[in-house]
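The block underneath contains the structure these notes are about, expressed in structure tokens.
Quick note: residue numbers are just sequence positions, from 1.
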Amino acid sequence: MKTFSIPYHTGSREFTVPDANVKAVLTAALHDYAPEAGQEELVRRALASPIGTPRLRDLARGRRKVVLVTSDHTRSVPSRITLPILLEEIRAGSPDADITILIATGLHRPTTTEEQKRMFGEDIVAREKISINNAFDPSAFVHVCRLPSGADFRVNRLAVECDLLLAEGFIEPHFFAGFSGGRKSILPGICAQETVNQNHSFQAIASPRAATGVLTGNPIHEDMVYAARRVNTAFICNVALNSRKEIIAAFAGDLEQAHEAGCDFIRRLSRCEPVRGDIVITSNGGYPLDQNLYQTPKAASTAEACAGDDGVIILCAGCADGIGGEHFESLMLSGSVEEIERRLAAVPPEKTIPEQWCAQIYARILKRHTVIVCSDMLSPDLIRKAHMVPAATPAEALKLAFDIKGADASVVLIPDGVSVMVTK
């Protein structure tokens, strides 16, 4: 028997699999990557030698109103490290700048004060001006333009009323935007719900170019870049992280050039050839990404690439916050998988239902695969109503999978389905 550890909530869970059944273990090389410097030093070096722009301190010179966009509680951005350095760099150029840290929530719930303290540190929460994007408050947004897709681009007014806009984030493979980071801080991060919804329409998600690792020709990415450029996003600082959520590389400078450099780095260290298995075991990378079921299509879509035509997917996710968004939950419980897909296919882009994209992706996966959700925090009844199979423990999940596929079924493990990029 072989024992494997998989991220789960704030810790991990262990899977024991018979040696003869293990076909492959797919992991991103970035988890074993040895950085050339410590975390703070990597960020400082990136800021000292930005890609495609002057230094941030030079961009900040003479600017009075600065907005720094950062990620919310659902992301692992190491802001305790990055934010103080970015604030120091801004104030080196403009000591008296009026700086607002704008939390990019997209369509997520507001980030609580306690979560902010955990993310940023108590000192920043106590001393700095922090605003939280609320996609559902029409008064918080202004119309800027129409995006290439035709979507109405409405963005947080703080982003257009400042005279220097920058963003921080981290880069990892993304199941329909290609990669996270960069332009994603703006769209969906600080946009009105209508803009986010239309950018994530059924037609956009269904595009074959809206896929992990794909930027060229990706309609979702193209809208995002266009939006970020239209609000003059002058500078980004994005990092790459290992499995311990430690910074192993940093990329700063131009919105596209610095992001592309980071994507190239992630692509080199995350890409794996697909290995087909009868059973694929994965996780959503642990907390915070596995805090609800809504976030888990990220890992499920990675497992899908290795699950063959009818493979079983075991998804290990804490889901401490339940299913997630109310629209996602409503859609997932609204009928059969086929009915969900038909309903969403009939929704025009401008009428896109919030959170429908994750239901759409799950419908695609569930038409071909049994998905076993291994969680002791999410109601088994809810899991069943969402067309998946509940399992409280890894042993139970694996037994259910072998019952479906047979005792000699091949098993592929992808311990962190978010960080691995499975492409042909």
Side-chain angles (χ1 to χ4, degrees), residues 106-108 135-136 141 143-155 173-230 263 293-298 300-302 304-305 324-369 386-387 421 423-424:
L107 299 182
H108 305 152
F136 310 101
F141 301 93
H143 167 80
V144 177
C145 65
R146 289 282 174 181
L147 298 176
S149 67
D152 180 17
F153 177 34
R154 294 181 58 79
V155 70
H174 190 278
F175 61 135
F176 59 75
F179 291 92
S180 66
R183 73 288 185 239
K184 231 173 151 285
S185 294
I186 308 303
L187 173 58
I190 58 169
C191 287
Q193 61 171 327
E194 297 85 359
T195 301
V196 179
N197 292 340
Q198 193 160 350
N199 176 252
H200 293 18
S201 70
F202 184 93
Q203 291 80 357
I205 296 292
S207 167
R209 305 298 296 172
T212 302
V214 178
L215 297 179
T216 303
N218 184 330
I220 296 170
H221 166 71
E222 289 173 350
D223 260 16
M224 290 175 175
V225 171
Y226 191 90
R229 284 294 188 202
R230 283 302 301 264
C263 292
L293 195 68
Y294 170 73
Q295 295 287 342
T296 60
K298 296 177 173 69
S301 61
T302 301
E304 178 189 23
E326 61 179 283
H327 296 284
F328 171 68
E329 179 173 350
S330 176
L331 286 168
M332 289 299 295
L333 308 185
S334 67
S336 70
V337 171
E338 291 75 15
E339 287 168 342
I340 293 169
E341 187 173 62
R342 282 197 300 271
R343 177 185 176 189
L344 296 179
V347 177
E350 66 276 10
K351 300 290 186 181
T352 298
I353 302 165
E355 303 157 0
Q356 74 172 45
W357 39 95
C358 285
Q360 176 182 349
I361 289 168
Y362 257 131
R364 181 192 75 206
I365 293 170
L366 289 165
K367 284 198 307 181
R368 297 176 55 202
H369 305 286
H387 312 289
M421 188 171 69
T423 59
K424 295 181 180 180

Could you grab the distance from atom [atom1] of [X] to atom [atom2] of [Y], nearest 0.5 Å is fine?
X: Leu107; Y: Phe328; atom1: CG; atom2: CZ; answer: 13.5 Å
X: Phe153; Y: Asn199; atom1: CZ; atom2: CG; answer: 10.5 Å
X: Glu222; Y: Arg209; atom1: CD; atom2: CZ; answer: 9.5 Å
X: Ile186; Y: Tyr226; atom1: CD1; atom2: OH; answer: 15.5 Å
X: Arg229; Y: Met224; atom1: CZ; atom2: CE; answer: 15.5 Å
X: Asn218; Y: His174; atom1: CG; atom2: NE2; answer: 10.0 Å

Original post:
Are Ile340 and His387 close enough, and set up right, to give a side chain to side chain contact (heavy atoms under 4.5 Å, CB included), and what steps lead you there?
Top reply: CA-CA 11 Å; Ile340 293 169; His387 312 289; 3.8 Å; yes
Subject >> Neighbour count above 12 (heavy atom, 6.0 Å) for Glu338 CD >> reply: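 Yes, CD of Glu338 has more than 12 neighbouring heavy atoms, counting only those of other groups under 6.0 Å.
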Original post:
CZ of Arg343: more than 12 outside heavy atoms within 6.0 angstrom?
Top reply: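 Open.
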Original post:
Between Tyr362 and Thr296, does any side-chain donor sit less than 3.5 Å from a side-chain acceptor?
Top reply: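 Yes, Thr296 and Tyr362 have a side-chain donor paired with an acceptor closer than 3.5 Å.
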**OP:** For Thr195 and Val155, run side chain to side chain contact (heavy atoms under 4.5 Å, CB included): C-alpha distance rounded to whole Å, both residues' side-chain angles, the deciding distance at 0.1 Å, then the answer.
**Re:** CA-CA 8 Å; Thr195 301; Val155 70; over 6 Å; no
For the backbone of [Y] and the side chain of [X], can you confirm whether one donor and one acceptor N or O come within less than 3.5 Å of each other?
X: Arg154; Y: Phe141; result: yes
X: Gln360; Y: Phe202; result: yes
X: His143; Y: Asp152; result: no

Do [X] and [Y] have side chains that approach each other closer than 4.5 Å (heavy atoms only, starting at C-beta)?
X: Ile353; Y: Asn197; value: no
X: Gln295; Y: His108; value: yes
X: Thr302; Y: Lys298; value: no

Original post:
What do the steps show when you test Gln356 against His327 for side chain to side chain contact (heavy atoms under 4.5 Å, CB included), and what is the final call?
Top reply: CA-CA 7 Å; Gln356 74 172 45; His327 296 284; over 6 Å; no
Of all heavy-atom pairs between [X] and [Y], which one has the smallest distance, and what is that distance?
X: Leu333; Y: Ala386; result: CD2-N, 3.6 Å
X: Ala210; Y: Ala204; result: CB-O, 3.3 Å
X: Ile365; Y: Ser301; result: CD1-N, 3.8 Å

**OP:** Using the side chain to side chain contact (heavy atoms under 4.5 Å, CB included) rule, take Ile205 and Leu344 through it: C-alpha gap first, then chi angles, then the decisive distance, then the call.
**Re:** CA-CA 11 Å; Ile205 296 292; Leu344 296 179; over 6 Å; no
Original post:
So among Lys367, Arg364, Arg368, which one has a salt bridge (Lys or Arg N to Asp or Glu O under 4.0 Å) with Glu341?
Top reply: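 It is Lys367, the one option of Lys367, Arg364, Arg368 that forms the salt bridge (Lys or Arg N to Asp or Glu O under 4.0 Å) with Glu341.
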